[in-house]
Each structure stands twice: as structure tokens, then as C-alpha cells.
Amino acid sequence: AQSVTQLDSHVSVSEGTPVLLRCNYSSSYSPSLFWYVQHPNKGLQLLLKYTSAATLVKGINGFEAEFKKSETSFHLTKPSAHMSDAAEYFCVVSEGYGGSQGNLIFGKGTKLSVKP
Amino acid sequence: NAGVTQTPKFQVLKTGQSMTLQCAQDMNHNSMYWYRQDPGMGLRLIYYSASEGTTDKGEVPNGYNVSRLNKREFSLRLESAAPSQTSVYFCASWDPWDSYKDGYTFGSGTRLTVV
């Protein structure tokens with residue numbers, strides 16, 4: 001069974017400093033991995049996705065993530081935080097085969113706070 | 001605009017009442033999903049429909065039923081609402097043949113409170 005663990009429930013950074021949101025996954029097959037962002041009282045927006053192409057994936061708003069199979073990790077980073085980055089971030093794995101293909105397994109979320 | 005439309009956006013129910021959450025997509029996607037979001041729990045899959053005419057249970061199906069009315073519409077029914085079903089509900093759609101082109105498309109959510 002596939003699963004996702006987000007290692008921090010809450011991360012706080014100062015504006016202009018780097019952001020690191022950590023995610024480990026468990027998968028029996030070659031996974032597809034995603035990061036979604038949710039701003040307060042809003043829906044979910046796709047930040048980036050990994051689907052077995054390049055291991056370093058660039059997304060919107062300056063975010064990127066690196067797929068490391070040996071570490072079963074897919075950490076999300078950004079060089080310089082902006083106030084508008086304050087939101088909740090979800091790491092997500094997709095089951096790749098069988099009748100449940102396409103089902104998304106969500107991590108529990110990391111709430112990012114950005115201090116001025 | 002193409003996407004996933006959920007109705008209603010907000011709803012308050014009394015314990016024991018029933019209601020149906022509606023979801024429609026206009027992207028000709030085969031697969032549709034219902035998730036619930038609770039604080040600290042992420043999103044959990046309630047039911048999904050891999051294609052028109054099929055439905056399957058997800059992680060937390062108890063207390064819910066679904067209907068895949070046609071390719072566009074996938075409804076979620078609460079027969080006898082309970083306070084534990086207070087949550088934000090998201091509908092999503094996806095198609096395997098899109099090959100993860102833009103990820104999964106989510107609706108804007110229904111905020112349900114059961115008192």
C-alpha cells in the first residue's frame with residue numbers, strides 16, 4: 001500500500017529565507033508524486049508533479065522538488081520565502097496500477113508560516 | 001471555464017437529516033473522486049468512480065453513498081448526517097489518458113456542518 005509522511009506539521013520561516021518542506025513516501029510501484037498548496041479557505045492548487053521524467057521538478061511560484069528514490073523522499077524547496085507563500089502544503093502520491101489507478105493518497109499537511 | 005463544479009458551497013444540517021452533494025465536471029474525464037478534509041488529517045478518499053457505471057469505496061466510506069449519474073456527474077449522499085461528518089468535502093476528476101498533464105482537478109469544496 002502506498003503512503004505519504006510529511007515530517008513537519010508546521011514550519012515557520014522569515015521572509016526572504018529558504019523554505020524546506022519534507023515528504024517521504026512509500027510505494028510498491030514507480031509512484032507519481034505531487035505537491036498541492038491550499039491557501040486559507042481556498043481550494044487545492046497543483047504546485048508541481050513528478051511522473052518518472054526528470055528527478056528535479058520545477059513548479060509554480062519558484063518552488064521545486066527533488067525525487068530521491070534511494071531516500072524515498074520528495075522534499076519541496078524554495079530559495080526565498082514570500083509572505084504570500086503562507087499556506088498549507090500537501091504531499092501526495094498516486095497509485096499507479098490496477099483498479100485504483102489515479103487515487104490520490106494525501107499526507108496530513110504542513111502549515112507554512114512566513115514572518116515579516 | 002472548464003473545471004469541477006460543486007454545490008452547495010456551504011450547508012448546515014441537523015443530526016439525522018439527509019442531503020446530497022453535487023459534483024459535475026466538463027472535461028470529459030473518466031474518473032471522479034470524493035474526498036473529505038479534516039484538520040490535521042489531510043484529505044481522505046471517501047468513494048471514487050474509475051469510469052461511468054462503476055463506484056468503489058475509498059478509505060472512509062461509512063455513512064456515505066455515491067451515484068455516478070453519467071460521465072459528468074458524481075454525487076455524494078449522506079443518508080443520516082452525524083456530527084462526525086462535519087468536514088470540508090472536495091470533488092475531483094482525472095483521466096488516465098491525460099497522463100498527468102495538469103494533475104487532478106478539484107472543485108472549490110463544500111463546507112458542511114452537522115449540529
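Below, chain A is the first sequence line, B the second, and so on; all start at residue 1.
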Side chains of B/R68 and B/T54: any donor to acceptor distance under 3.5 Å? no
Of the listed B/A92, B/S51, B/G42, the one with the largest count of heavy-atom pairs under 4.5 Å with chain A is B/G42
Are B/Y47 and B/W34 an aromatic pair, judged by ring center distance below 6.0 Å? no
Classify the ring geometry between A/Y89 and A/F63 as parallel (under 30°), tilted (30 to 60°) or perpendicular (over 60°). tilted
Relative to the ring of A/F74, is the ring of A/W35 parallel (under 30°), tilted (30 to 60°) or perpendicular (over 60°)? parallel
Heavy-atom contact with chain A under 4.5 Å, split by part of B/E59: neither
Suppose a student defines contact as a heavy atom less than 4.5 Å from any heavy atom of chain A. Which residues in residues 106-115 of chain B would they list? B/F106, B/R111
Centres of the B/F74 and B/Y48 rings: under 6.0 Å? no
Most heavy-atom pairs under 4.5 angstrom with chain B, which of A/K42, A/Q6, A/Q38? A/Q38
Please state whether the side chain, the backbone, both or neither of B/L43 comes within less than 4.5 Å of a heavy atom of chain A. both
Under the criterion side chain to side chain contact (heavy atoms under 4.5 Å, CB included), I'd like the reasoning laid out for A/N24 against A/H75: C-alpha separation, chi angles, the key distance, then a yes or no. CA-CA 8 Å; A/N24 286 347; A/H75 301 334; 3.6 Å; yes
Is the shortest side-chain N to carboxylate O distance from A/D8 to A/K111 below 4.0 Å? no
For A/F67, what residues pass the ring pair (Phe, Tyr, Trp, His ring centres under 6.0 Å) criterion, not counting sequence neighbours? A/Y25, A/Y50
